[in-house]
Amino acid sequence: MENITGYTRLLGVLADPIKHSSSPIMMNHAFKKLQIDNVYVAFEVKEEKFDEAVAGLKAIDVLGFNVSMPYKERIMAKLDVIDESAQLVGAVNTVVNQNGIWHGYNTDGYGFVAGANDMGWDIAGKKVVILGAGGASNAIVCQCALSNASQVVVFNRPGKNFDAMAQRAEKLNQAYRTMIQVKDLNDLGLLKQELEDAYLLVNATSVGMGQNQGHSPIPDASYFNPNLKVMDIIYHPLLTRLLEQAQQAGLEYCNGKRMVMFQGARAFEYWTGQKMPTDYIKTVLGIE
Ligand code: ATR
């Protein structure tokens, strides 16, 4: 903060709500560590002020910004160029201002796969079971196809997200070798069966946080196979009920902090051309 000058460039994250975000902490520590003269702040912007806020960011020529819920789709109409993987996901979480031309990227899928790799997990050629079919799941499913998972089974409750995911799966199945299926989360027998030979289970539902804290989307540890790896994209709480179940069963597991850090690391690279010092940022964020 004490080093802000007339040359300091502004970045931030546009979302609502956003005050809980760890992105400002992560980005500002990384800028400071690499002596980059940037500052990153959280902009909590209401829906009716979104257009005005984006126009303002353009007018003041920010270096770039992240976009989170509920604006990841709405921002797309404001961009000049949209990266292929962001087009595939249908959502943008990172905007880069390249001499007045705004480029949109989606780094969520990268965050997922880099987070898994950081655990020593490699999804190429493997079966991934994903719970949930919302925005986060969408980015993860696309990334599984891009990273050559052999099979993806998405479980969700029947409804709008289920139908949208089924449509997406159909499109992805035509374009990629990964076989993607969407199944009913209420069919616990089917869930158990699909988990028997799964490599990785990802919770991308909100079961385990907020009002659902203390709940797990999996009834009990009998659903796990002994080699299963478990990722919860929730990071508040750090240890969800699902991760507790995984821990008690002796499985490898991780929470959502790695995904958050690596999606940020990719955005950081787009903005600065430099690698985020992730080992250092892990200590800042308390990632073990
Ligand atoms: P995000 O951006 O984090 O993905 P989202 O788009 O709101 O958030 O998606 C939330 C996901 O959690 C959805 O898949 C939702 O399932 P529905 O499509 O059936 O709503 C899932 N979810 C939320 N509460 C749930 C619950 N109690 N049981 C099962 N799934 C739940």
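Remember, it's 1-based here, ligands and their atoms both numbered in the order they're listed.
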Ligand-side contact atoms (ligand 1) for residue partner A133, heavy atom cut-off under 4.0 Å: 14 (O)
Within reach of ligand 1, part of L185 (heavy-atom separation under 4.0 Å): side chain
Test item: I130 and F155 side chains (from C-beta on) under 4.5 Å apart, heavy atoms: no
Pairs touching residues 188-247 that satisfy ring pair (Phe, Tyr, Trp, His ring centres under 6.0 Å), sequence neighbours left out: none
Taking atom 23 (C) of ligand 1 as the reference point, the nearest protein heavy atom with its distance: S206 OG, 3.1 Å
Approximate separation, where rounding is to 0.5 Å, of D232 CG and E244 CD: 11.5 Å
Distance from atom 6 (O) of ligand 1 to nearest protein heavy atom, with residue and atom: G135 N, 3.0 Å
Rounded distance [0.5 Å steps], OG in S222 versus CG in L195: 10.0 Å
V284 side chain near Y280 side chain, heavy-atom distance below 4.5 Å: yes
Nearest-neighbour protein heavy atom for atom 3 (O) of ligand 1, which is reported as residue plus atom name and distance: A136 CB, 4.1 Å
Between CD1 on residue I281 and CD1 on residue I25, distance to nearest 0.5 Å: 10.5 Å
Structural part of T205 in contact with ligand 1, heavy atom criterion under 4.0 angstrom: both
Sub-4.0 Å protein heavy atom near atom 10 (C) of ligand 1: no
Gap separating the CD1 atom of I123 from the CE atom of M231, nearest 0.5 angstrom: 9.0 Å
Atom 30 (N) of ligand 1 - nearest protein heavy atom and its distance: R157 NE, 3.7 Å
Those atoms of ligand 1 less than 4.0 Å from some heavy atom in G132: 14 (O)
Residues which pass side-chain contact (heavy atoms from CB on, under 4.5 Å) with E44, listed by chain and number, not counting sequence neighbours: D16, P17, I18, K19
Verify atom 19 (O) of ligand 1: protein non-hydrogen atom under 4.0 angstrom away: yes
Selected option - heavy-atom contact closest to atom 14 (O) of ligand 1, from I130, N156, N161: N156
